[in-house]
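Below: one structure, written as structure tokens.
Quick note: numbers below take in every heavy atom, side chains included, and nothing from hydrogens, waters or symmetry partners. We name chains A, B, ... by the order of the sequence lines, and we start the count at 1 in each one. The shown structure was predicted, so the numbers you read here are calculated from the model rather than taken from an experiment.
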Amino acid sequence: MAGALSSLAFGSVGGSAFERRAATRDPAWVKWLILGLSLSFFAIFILLPLIAVFVEALRKGWGTYITALSEPDALAAVRLTLIAAAIAVPLNLIFGVSAAWAIAKYQFRGKNALTTLIDLPFSVSPVVAGLVFVLVFGAQGWFGSWLGDHNIRIIFAVPGIVLATIFVTFPFVARELIPLMESQGREEEEAAIVLGASGLQTFWRVTLPNIKWGLLYGVILCNARAMGEFGAVSVVSGHIRGQTNTLPLHVEIVYNEYNFAAAFAVASLLALLALFTLILKTIIEVRAASQVAKA
Amino acid sequence: MLSRVFSWAGFVLAFVFLTAYTALAQTTILNVSYDVSRELYKQINPAFIDAWKAKTGETVTVNQSHGGSSKQAASVAEGLDADVITMNQAPDIDFLADKGLVAKDWKSKFPNDAAPYTSVSVFLVRKGNPKGIKDWSDLAKPGISVIVPNPKTSGNGRYTYLAAWGYALENLGGADAAKDFVKKLFGNVPVFDGGGRGATTTFSQRDVGDALVTFENEARLIAVEFGADKFDIVYPSLSVEAPAPVAINEKVVDKKKTREVATAYLNFLYSPEGQAIIAKYDFRPRDEAVLRANQAKFPPVKTFDVEKLIGSWADVRKTHFADGGIYDQISVK
């Protein structure tokens, strides 16, 4: 994040100076070739599918669109997706801040291992992530018989979906904060403590304002993934209509019923969420860049 | 900010438990089923709920779960709380019987070997049947392109393979001739989709292949969804009977005390009302009267029973579909 921010802050200035000087300027055809390549890739792989989602969603008119979204099963899917995100995001926020704090400010044994392991959910396939929970909490898993005896349902119920969501969105906040906090060092906090601030005061008044934009950025990405996750959630869901289907799972089910317009209507909700996330992300980047420039 | 976060989390948790609690307050049964029975049970469930209410005065809720049949069976084994299991092939229920969830003699618990309806493998061809495909032997001819889901992963594909095998046994005689025949037929398959619905999309949306081999109900549904003017259904001289078995999950009904309603639910599938809905969704009903009433839809077709002609499902799996089995041998090009 810190790297991305500085390149954003300085990239535009450096780039244009680079281009003004004849000695460092690329030949025109290279410039247009690269521009053309990246723009046509963008159009084919990003823009076209995005447009297709909305075109397909509205193919049978607004009436079908509204019906598809107000159907009880669709509403249940929206509700479950919101619940899962509302639990996973705050928990990962707390975890992310404390993990980044521990890694950036303290020295301890196993620090490198922790830094590496935080990324595990990024590198492991979501299906494997889901199966891990089945192996642990499933009827034939480690805790399965105990849970069964006590009538506690984890997988194929809401808790399992929340667990899987937490797992796959685990690294987002911590990943954003660790480089940021490491680059900021401890000087400002030390100054605050020397001036008589308590630990909590230091956190609220010094640390939090410093990491605010990185934190928000991480939370937004975390939320987008939490609402959009398919693989891991699909494994632990049990696919009970109206009960354990999240929005992405609902899209698949409706699509398999040959109900294409309704499937794309629900998919358009997810696409809107993605667009909204991007807009928020851009706003945060601009704000953060101006703050970096001011500092 | 943190305290606000905590109060939010508390609110959400309370909400989750509340919804979980209200769901438990009334009698609820869960039917875990395979992929293409969605439309059927969407209509069966409200009909059963009304019938149960009329009979006992109780309100029952029936929840549905659908997915690839073997995956669904695995979920039930891992604790998905299914009261009843409605599948499209016996091996998936045998698997649950091995796990101790379903009675070993599940086939004797309900009429017709616990299969309230069947289907048969048929061919779907392009309108007017331009390639003149009439029987299994035509599918094995050179230059014909056939769409079949992968027999390794799909029950639908497995039945297709076995139907072709049975046809060859009856008409060409001997396992060697049968092996040669299915090798030719499966050599004509350009792409193997993972499941029945994927194969349907390949054939009907992407216009690949001269014929799609699938269950009669799926073939009829395609004709309705994508236009009857585009496809014709062809009945081969001999097809395979694919019964759809049902069973009760003993462990769950004992725990939830839902044995009575779960049994009534499965028996409802055999009632004239249930059988009529089954026929409406293009599955072949067991009830003679309902079958006669829908004769136009279900032309008589000669079928064979896999376990009688080829062998028990356990043997079939071992000799044909296990790694290194006959299916693997014929698919080496």
Answer with side chain, backbone, both or neither: which region of [X] has an atom nearer than 4.5 Å to a non-hydrogen atom of chain A?
X	result
B:K99	side chain
B:L80	both
B:A82	neither
B:N31	neither

Contact origin within [X] toward chain B - heavy atom pairs under 4.5 Å:
X	result
A:N245	neither
A:I253	both
A:I155	side chain

Open item on the list: Does the plane of the ring in A:F260 sit parallel, tilted or perpendicular to the ring in A:Y255? Use 30° and 60° as the thresholds.
Closed with: tilted

Task: Sidechain N-carboxylate O distance under 4.0 Å for B:K42, B:E39 - done: no

Open item on the list: On the six-membered ring of A:F137, is A:R153 placed so that its NZ or CZ lies under 6.0 angstrom from the centre and within 45° of the ring axis?
Closed with: no

- [ ] For this output row, return yes or no: ring centroids of A:F170 and A:F95 closer than 6.0 angstrom.
- [x] yes

- [ ] Using the side chain to side chain contact (heavy atoms under 4.5 Å, CB included) rule, take A:V233 and A:L249 through it: C-alpha gap first, then chi angles, then the decisive distance, then the call.
- [x] CA-CA 8 Å; A:V233 169; A:L249 299 182; 3.8 Å; yes

Task: Heavy atoms from other residues, nucleotides or ligands near CD of A:E188 exceed 12 (cutoff 6.0 Å) - done: no

Open item on the list: As an exercise: rank B:H66, B:E78, B:K255, B:K71 by heavy-atom pairs under 4.5 Å with chain A and give me the winner.
Closed with: B:E78

